[in-house]
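Basis for what follows: all heavy atoms, side chains included, without hydrogens, waters or symmetry-related copies. Heads up: numbering here begins at 1 and tracks the sequence.
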Amino acid sequence: MPKSNPVLAAAMGKRMAVRRKELHLKQERVAELAGITHQQYCKAEQGKCLFGADSLQRVCAVLQVSADYLLNGQEADSRYRETLAILEEMTDQQLK
């Protein structure tokens with residue numbers, strides 16, 4: 001998909017790159033896990049294109065961020081991320 005908003009594409013690409021590096025992932029791995037080509041992911045991270053809704057949703061899942069964060073730089077639930085990570089690692093017995 002051609003970029004229709006170069007400012008948004010550039011900002012989103014930068015946020016994707018920062019988050020990918022925080023997770024110690026390579027571009028190829030993010031693309032593979034998201035079910036897109038490495039070329040698609042690379043272009044998006046470079047700010048040369050924007051994802052469609054389906055690809056955006058899958059990339060967000062891989063990068064463990066919301067679409068709000070990639071699109072606007074604001075994570076709606078960032079204050080709960082640490083708590084959710086702790087809860088996800090707990091066993092059923094610990095949760096009880």
Side-chain angles (χ1 to χ4, degrees):
M1 165 188 263
K3 68 178 176 182
S4 56
N5 184 335
V7 174
L8 173 62
M12 188 169 140
K14 286 179 186 176
R15 287 189 281 273
M16 289 168 52
V18 168
R19 182 62 181 151
R20 176 181 59 78
K21 291 172 186 174
E22 288 175 351
L23 296 172
H24 307 286
L25 295 171
K26 295 186 182 244
Q27 289 180 337
E28 294 88 352
R29 185 66 176 146
V30 174
E32 177 186 341
L33 293 170
I36 60 175
T37 67
H38 174 248
Q39 183 179 10
Q40 286 175 298
Y41 183 82
C42 187
K43 282 183 177 181
E45 198 172 280
Q46 292 172 352
K48 294 181 179 178
C49 70
L50 293 168
F51 290 125
D54 289 342
S55 296
L56 176 61
Q57 184 179 30
R58 291 191 306 268
V59 168
C60 286
V62 173
L63 296 178
Q64 303 170 13
V65 294
S66 70
D68 282 341
Y69 172 72
L70 288 186
L71 293 168
N72 303 315
Q74 299 174 350
E75 186 69 56
D77 62 354
S78 63
R79 61 186 170 159
Y80 303 114
R81 186 179 293 162
E82 265 186 51
T83 303
L84 289 172
I86 292 167
L87 290 172
E88 287 174 355
E89 301 218 359
M90 294 175 75
T91 65
D92 289 339
Q93 186 63 33
Q94 290 172 320
L95 288 170
K96 287 180 184 180

>> Within this structure, what is the NZ-CG distance for the pair Lys21 and Leu63, rounded to the nearest 0.5 Å?
In response: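 Those atoms lie 12.5 Å apart.
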> Between atom CG of Leu8 and atom CG of Asn72, what is the distance when rounded to the nearest 0.5 Å?
Replying inline: 8.0 Å
> Mind checking what makes salt bridge (charged side-chain N to carboxylate O under 4.0 Å, His left out) contact with Arg20, not counting sequence neighbours?
Replying inline: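 For Arg20, the residues satisfying salt bridge (charged side-chain N to carboxylate O under 4.0 Å, His left out) (neighbours in sequence not counted) are Glu45.
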> Do you know which two heavy atoms are closest between Met12 and Leu71, and how far apart they sit?
Replying inline: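 The pair with the smallest heavy-atom distance is SD-CD2, 3.8 Å.
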> Looking at Gln27 and Cys42, what are the two nearest heavy atoms and their distance?
Replying inline: OE1-SG, 3.7 Å
Atom pairs and distances, donor-acceptor, side-chain atoms in residues 50-62, under 3.5 Å, two or more places apart:
| residue | atom | partner | partner atom | Å |
| --- | --- | --- | --- | --- |
| Ser55 | OG | Arg58 | NH2 | 3.4 |
| Arg58 | NE | Ala34 | O | 2.6 |

>> If you count every heavy atom of other residues, nucleotides or ligands that lies below 6.0 Å from Glu22 atom CD, does the total exceed 12?
In response: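 Above 12, so yes.
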>> Does Glu89 have more than 12 heavy atoms from other residues, nucleotides or ligands lying within 6.0 Å of its CD?
In response: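 For Glu89, atom CD is not crowded (no more than 12 foreign heavy atoms under 6.0 Å).
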> Is it the case that one hydrophobic cluster holds both Val18 and Leu25, taking links as side-chain heavy atoms less than 4.5 Å apart, direct or via other members?
Replying inline: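 No, no single cluster joins them.
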>> Out of the candidates Val30, Val65, Leu70, only one should pair with Met16 under the side-chain contact (heavy atoms from CB on, under 4.5 Å) rule; please name it.
In response: Leu70
